[in-house]
Amino acid sequence: MKIASFNINGVNGRLPVLLRWLAEAEPDAVCLQELKSPDEKFPIDAIREAGYGAIWHGQKSWNGVAILARGTDPLETRRGLPGDDDDHQSRYLEAAVKGVLIGCLYLPNGNPAPGPKFDYKLRWLGRFANHAADLMATGAPVVLAGDYNVIPTELDVYKPEHWVDDALFRPEVREAFHRLLDAGWTDAIRSLHPEASIYTFWDYLRNAWGRDAGLRLDHLLLSPTLAPRLLAAGVHRDVRGWEKASDHAPVWIEITDAEAGTKRRAARSSKRRPKE
DNA sequence: ATGGCGGAGTGACTCCGA
């Protein structure tokens, strides 16, 4: 099963990019961010024709998240991040797809920092950590996928010294991300590629793509019950070079299906299995 | 590297993203 996350940067303006990528990559489940579309303008007909069911939480002009599922409809479990009834930005959507609970998030950018936008980002991170802990406590296989707007380490940015005061890289933000890892979440890409320089975003400005001046901002975090099923992870870099591309590239994982995962875990615990 | 590029909402500009 392939699960991907893609900050599409305008789902209507970039619909040809989305449809081409769905046809080429054939992900089983997709988290989209930055729809920049009100609910009534979400291109559900074209997405259904491409073979996907979908749920979405849009908003005029900005934000907006969606979950797509190939050949089926996502089973919605939550709309909006709990913890603040006054927060009306469309940044969190959650659904079950083929036995996996998928949280789709678009974390606030937070610039300029310091300031009210940065404060909102830190509050959002706190609410997110609380909800993530609740999800983990259920024991369900969970992936939290999306645009975190967090550069986790110096390895995840082309020139760390240019970003020290930026809301994507400030210590408070990095520490919040690492507290998630300490709590038991697995950064899928980093767990399989511990040393590699991997980016998911390249600015439109200053020929960032041509210079490979990128950032790793889009992440898939796996619960302890899902992490053992991780087979592969990567970034569809070439999509960033397409005509009318988003400034983000899709990030993806492949996991064993639920039945195979159960067999694997059973095999691992078996006394007959030789030590790895 | 504080200008750039690009989308959306409106209708030459603004706001916003990262």
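Scope of the values below: all heavy atoms of this structure, side chains included, with no hydrogens, waters or symmetry mates. The chains referred to below are lettered A, B, ... by the order of the sequence lines, with proteins before strands, and numbering in each begins at 1.
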Provide the distance between the two [atom1] atoms, one in [N] and one in [M], to the nearest whole Å.
N: B:dC15; M: B:dG11; atom1: P; result: 14 Å
N: B:dC13; M: B:dT2; atom1: P; result: 26 Å
N: B:dA12; M: B:dG17; atom1: P; result: 25 Å
N: B:dT10; M: B:dA1; atom1: C1'; result: 32 Å
N: B:dG7; M: B:dA18; atom1: C1'; result: 14 Å

Given atom [atom1] of [X] and atom [atom2] of [N], what is their separation to the nearest angstrom?
X: A:Asp165; N: B:dA1; atom1: CG; atom2: C1'; answer: 15 Å
X: A:Arg211; N: B:dC5; atom1: CZ; atom2: C1'; answer: 14 Å
X: A:Lys244; N: B:dC5; atom1: NZ; atom2: P; answer: 14 Å

>> Quick one about A:Asn149 and A:Tyr106 (side-chain donor to acceptor, distance below 3.5 Å, no hydrogens or angles considered), yes or no?
In response: no
>> Hydrophobic cluster membership, with links at side-chain heavy-atom distances under 4.5 Å among I/L/V/M/F/W/Y: are A:Leu220 and A:Ile198 in one?
In response: yes
> Should A:Val157 and A:Tyr199 be regarded as members of a common hydrophobic cluster, given that ILVMFWY residues are connected when their side-chain heavy atoms come within less than 4.5 Å of each other, either directly or indirectly?
Replying inline: yes
What pairs of donor and acceptor atoms, side-chain ones from residues 63-72 of chain A against any protein atom, are under 3.5 angstrom apart with sequence neighbours left out?
| residue | atom | partner | partner atom | Å |
| --- | --- | --- | --- | --- |
| A:Asn63 | OD1 | A:Arg91 | NH2 | 3.2 |
| A:Asn63 | ND2 | A:Gln59 | OE1 | 3.4 |
| A:Asn63 | ND2 | A:Gln89 | OE1 | 3.4 |

> Can you find an N or O donor on one side and an acceptor on the other, under 3.5 Å apart, linking the side chain of A:Arg206 with the base of B:dG3?
Replying inline: yes
> Does the pair A:Lys98 and A:Leu75 meet the rule for a side-chain contact (heavy atoms from CB on, under 4.5 Å), with working shown?
Replying inline: CA-CA 9 Å; A:Lys98 298 171 188 175; A:Leu75 201 64; over 6 Å; no
> Is B:dG4 in the syn range, within 90° of 0, or in the anti range?
Replying inline: syn
> Listed by chain and number, what are the salt bridge (charged side-chain N to carboxylate O under 4.0 Å, His left out) partners of A:Arg78, not counting sequence neighbours?
Replying inline: none
> Can you give one letter per nucleotide of nucleotides 9-18 of chain B, going 5' to 3': B for a protein heavy atom under 4.0 Å from the base, S for sugar-phosphate only, - for none?
Replying inline: SS-----SSB
